[in-house]
Amino acid sequence: MTRHRGRGIASVNYPIGMNLGGDPSQALVHSNPSGKFTVALSSIDLGQGMKSVTRQICAETLGVPVEDVYVDTADSDTGPHCMGSFASRGTHRVGNAVMAAAREARGVMMEAAAEELEVNAADLETDGRGNIHVKGAPHRSISTKDVAIAAQFKQGKTISGRGIFLVPLSDVDPETGEMSPATCYAHACLVAEVEVDDETGEVDMVRMDSAYELGRALNPRLVEQQLVGGAWMGVSHALYETPEPYYPEPVHGPRDFVEYLMPGPGDICPHDIAVLERPAPDGPFGAKGPGEMCANPVLPAVANAIFNAVGVRIDDLPITPEKVLRAIKAQGGARPQPRR
Amino acid sequence: MAKTPLQFRHNGRDVAIFVDGGTNLLVALRELIGDMTPKFGCGQGGCGTCSVLIDGELHLSCLTLAETVAGRSVETLDGLKEGPNLHPLQRAFADNFAAQCGYCTPGMLMAAKALLDRNPQPSRAEVVEAISGNICRCTGYEPIINAVLAAASGGRARA
Amino acid sequence: MPVTVKTFTSTHDAAAALSSDRSARYLGGGTLVMRALNEGDISISTVVRASDHAMTRIDATGSRITLGAGVTFARILVERDLAFLHAPARSIGGPAVRNMGTVGGNLFAPVPYGDFTVAMLALDATVSVQGGLGGREIALDEFLQSRDRQTGVLVLAISFAKPGSAEAFRYRKIARIKPKGGAVITLAAHLPVNGSRIVGARVALGSMAPTPIRARAAERALEGRSLDASTISAAAAAAVEGTSPGDNALASAWYRREIVGVHLKRLLSGQE
């Protein structure tokens, strides 16, 4: 027998964002005379869906259809300040800032509507379809478009709002050094199954099973997309990728995308994902963030699975066939561990 | 150095340009014709995001000497949509969340079109083979494979 | 930097243009020369092309097969008479590269490329070249040993005897990435059988030296024997002899030496 199956597990507590300087992000929301809203951000959507999620958060907070919200991102000349797209912070930090800005803009919008309908703003509600009406009396209604026109041309008001999210400063305990570096943690657990060839050291991914606890999934398909793609990147870091294959010697670095190794479409394995939703007390609508955490547990799970399969413990990434083969030879052959 | 006149069909329309000796087709498309849908990824043939169809065959435009397409038909992602309507592959990519950052998407779509034009009902293995020259950094390929299979089955199958 | 592109209808004129200009390179499918231009290789100032149809001809009807240097891997894949070469042709690039890359260009492709040439070497192929002074035939083995000095000649075609049976020819590319990846090593074997004995064994290896090479010690272990377990073990044990692999981003020389015998054993015994 030359191929051995092994299973490994890893779990992760992942802090959302960082603590440095309070890790702030800002957002500005304003209406146009058409009754549509623009969210101005400096935050960058790298493809993970920040524009979609902040658009949903803004629409939900304003009480208007999602189609009526446009998110303008990634111009740090004109947008309000953001620390950046990293540390799984986008949905949580930027989402909270958008929510605060939308809440303030909603206040102005309701005041403007109250003036048009000649009622108290506290008696009004939005229907989520672009109208504002008196609670219990849907016929006493005005469209958000008409409110926006009235605010601009009659009342001389800007329907706008400012938002910022800043993590409260956590003091360091002088005795113990204890502090709270983050206010919000996501969690995950992943089981990887691999097959190791003890004559060549090659590792094939057989399957992955994972559970991710990431607060409320504001856009479940985008969350799934992040988890599927992120796990692939985790496999890539575990087994393939490096700009310096002979580190610390900076020689024979990859010269193209054939030599820079990343798993191809024929290397992917089935991955069963369970998303667990435990809303975060300080997250926008309870959201945390799936970002970086989707890649992290794969690496130790794969390393553990290789140990389970052939009894070698590789703690140097990526775990190449060469490292596995050298280790198997050094211990005089594969030593499969008890199947878990 | 004198430029070389070059005429070819670009997404069904005749175009005429002048190219420097050695200009690759990607540069001709992007800089001289203004079709920005094929992307520059590596210039080495390793990423696939510059993929176009030449007389219906998948080629890497960055490794194609522009003047070799004289009189031939070049199709890019820009020609995929029909008026305001997305091509079924584009629709399937959107429905299946097959794009994240989107940089590989033009090449993926052209590689998928090259496959479906010849083989309208491919197997999963054939889809994997068809996109094997195209690198994606974000999706882990699974949603892309599912999107191509969904487009092949007329959008009936949900991944 | 712009270059001069010279296109000729006759291969003779193209060869003359190549041999008279050190800075001229022949452009086949573009996967090597266009890449070099994109990377800013200033040693190339002239690109030579030939539109002669002979360059893209496939003659696979008889016992001796001739492939024009400009034949692409995609064309080999649709040629039923060349079914035994489908595995090496399919192991190259993705579909776009196979629509572009040519048999002739592959002879010049450096490690980790050039897999098709490994198959050609196991088939004892002959290369037809056209130089400034005339044409000649040269054994592929010899051609590869002097490959760095061959840039001034025009490769016209490559020819070889068709294997007597499908199972006589075997090919495998070991790559980290599936289904497309650069070779860790590439193996090809041609084992013609007379009665139950192997006669004229050829084993070729890619990425085990700067160019594809014959594994002559493994060939000797196979020659005159039947392909049984002990013969296979002897050939596998001899596979590394005479090789000089290097380190690259895909694998180290140590790793290549360690696994070449393992994979030759699997290739010869038909294991996955």
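Reminder, nothing fancy here: chain letters follow the sequence lines and each chain counts from 1.
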So with a 6.0 Å cut-off around CZ of R137(B), is the heavy-atom count from everything else above 12?
yes
Taking atom CD as the centre, does E39(C) end up with more than 12 heavy-atom neighbours from other residues, nucleotides or ligands that are less than 6.0 angstrom away?
yes
Where is the tightest heavy-atom contact between V97(C) and G45(B), given as atom of each residue plus distance?
CG2-O, 4.2 Å
What's the shortest heavy-atom distance between G133(B) and P95(C), and which atoms?
N-CD, 4.3 Å
Using non-hydrogen atoms and a 4.5 Å limit, figure out which bit of C62(B) sits close to chain C: side chain, backbone, both or neither.
both
With rounding to the nearest 0.5 Å, note down the distance linking SG in C42(B) to CZ in R35(C).
7.5 Å
For the pair N99(C) (side chain) and E57(B) (backbone), establish whether a donor and an acceptor sit closer than 3.5 Å, ignoring hydrogens and angles.
no
Side-chain touch N38(C)/Q44(B), heavy atoms, less than 4.5 angstrom
no
Would you say that L60(B) contacts M34(C) through its side chain, given a criterion of any heavy-atom pair below 4.5 Å between the two side chains?
no
Only heavy atoms, only distances under 4.5 angstrom. Which residues in [range] are near chain B?
range                       : answer
residues 74-87 of chain C   : none
residues 172-183 of chain C : P179(C), K180(C)
residues 17-32 of chain C   : L27(C), G29(C), G30(C), T31(C)

Check against side-chain contact (heavy atoms from CB on, under 4.5 Å), R49(C) and T68(B)
CA-CA 10 Å; R49(C) 298 170 61 220; T68(B) 61; 3.3 Å; yes
Which pairs would a plain distance check flag for residues 78-90 of chain B, meaning a side-chain donor or acceptor within less than 3.5 Å of a matching protein atom at least two apart in sequence or in another chain?
residue: K81(B); atom: NZ; partner: D78(B); partner atom: O; Å: 3.0
residue: H87(B); atom: ND1; partner: L89(B); partner atom: N; Å: 3.0
residue: Q90(B); atom: OE1; partner: H87(B); partner atom: N; Å: 2.8

